[in-house]
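For reference, positions follow the sequence shown, starting with 1.
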Amino acid sequence: MPVFLRYAVPSTCVVGGWPFAVLDSNVKCTADGRERLTLGPTVLSTVDIADAAAEQTTTGYAIRLEFTAEGQRRWEDVTREKVGQFIAFLVDDELLAAPQITQPLTGDSAQLPGPFTSLDQARKVADAIRGN
């Protein structure tokens, strides 16, 4: 299951109460349909992720991503360069989340907040990211 992290520029996805037709593979709508994200180039991919594990958080369920050394360098670079922009987490070309980068992020891991409704659902995505 390919995983890609791309920076994104938000705009509206619902115009006049009607869904906006997305005809470009570089455009994704958020799950609630309120925003349309125009995706920039891929900044991280599956090869930059050493491990993935599901976890329960105070707000629901998420996946903890552990980066390779190169992945960590890329993550730190993009979060430093794109403060104020959004980072889109795509798994199998589906938009899971697009949080705003509020500050440069350092370290060898990150949390992927997703629209997961159970720990089992998050585990299945983590397993797929790991290639299981």
Side-chain angles (χ1 to χ4, degrees):
M1 181 176 289
V3 176
F4 299 101
L5 283 76
R6 300 168 73 174
Y7 68 87
V9 178
S11 61
T12 186
C13 204
V14 177
V15 178
W18 294 91
F20 179 83
V22 176
L23 303 174
D24 184 340
S25 64
N26 287 324
V27 176
K28 299 287 180 191
C29 288
T30 56
D32 62 8
R34 292 184 186 201
E35 288 188 281
R36 178 180 65 185
L37 302 171
T38 302
L39 304 175
T42 299
V43 293
L44 285 156
S45 69
T46 308
V47 298
D48 298 306
I49 299 171
D51 195 19
E55 60 186 19
Q56 188 165 1
T57 68
T58 57
T59 58
Y61 307 97
I63 296 174
R64 176 160 277 329
L65 301 174
E66 301 285 332
F67 298 119
T68 63
E70 179 64 16
Q72 178 180 349
R73 184 193 64 75
R74 288 179 182 198
W75 176 250
E76 291 174 355
D77 287 349
V78 75
T79 61
R80 183 179 56 253
E81 294 167 8
K82 304 294 183 184
V83 170
Q85 293 189 31
F86 294 79
I87 186 96
F89 289 86
L90 293 103
V91 176
D92 222 10
D93 205 37
E94 291 296 319
L95 178 67
L96 289 184
Q100 187 173 24
I101 302 168
T102 58
Q103 63 186 17
L105 301 171
T106 60
D108 64 355
S109 65
Q111 190 179 76
L112 167 57
F116 308 115
T117 57
S118 69
L119 188 57
D120 186 54
Q121 183 186 30
R123 279 189 187 121
K124 286 178 182 175
V125 174
D127 288 347
I129 291 170
R130 286 193 317 273
N132 297 340

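With salt bridges taken as basic N to acidic carboxylate O contacts below 4.0 Å, one links D120 and K124.
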Side-chain donor/acceptor pairs under 3.5 Å, residues 106-115, sequence neighbours excluded:
from : atom 1 : to  : atom 2 : distance (Å)
Q111 : NE2    : E55 : OE2    : 2.7

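A distance-only check finds no donor-acceptor pair linking the side chain of Q100 to the backbone of F86 [under 3.5 Å]. Judged purely by atom type and a 3.5 angstrom limit, R123 has no side-chain atom pairing as donor or acceptor with the backbone of A54.
Annotation: side chain of L65 is not in contact with side chain of D48 (no heavy-atom distance under 4.5 Å). Contact of the I63 side chain with the F89 side chain is not registered, since no non-hydrogen atoms from C-beta on lie closer than 4.5 Å.
The nearest pair of heavy atoms linking A122 to A62 is CB-O, 4.1 Å. Minimum interatomic distance between Q121 and T117 (heavy atoms only, all atoms of both residues): OE1-N, 2.6 Å.
To the nearest 0.5 Å, atom CZ of residue R74 and atom OG1 of residue T68 are 8.0 Å apart. Of the inter-residue distances, the one linking R130 atom CZ with I49 atom CD1 reads 11.5 Å to the nearest 0.5 angstrom. Rounding to the nearest 0.5 Å gives a distance of 14.5 Å between CG of L105 and NZ of K82.
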Between L44 and F67, does the side chain to side chain contact (heavy atoms under 4.5 Å, CB included) criterion hold? Intermediate values first, please. CA-CA 10 Å; L44 285 156; F67 298 119; 4.3 Å; yes
Chi angles and distances behind the salt bridge (charged side-chain N to carboxylate O under 4.0 Å, His left out) call for R73, D77: CA-CA 6 Å; R73 184 193 64 75; D77 287 349; 2.7 Å; yes
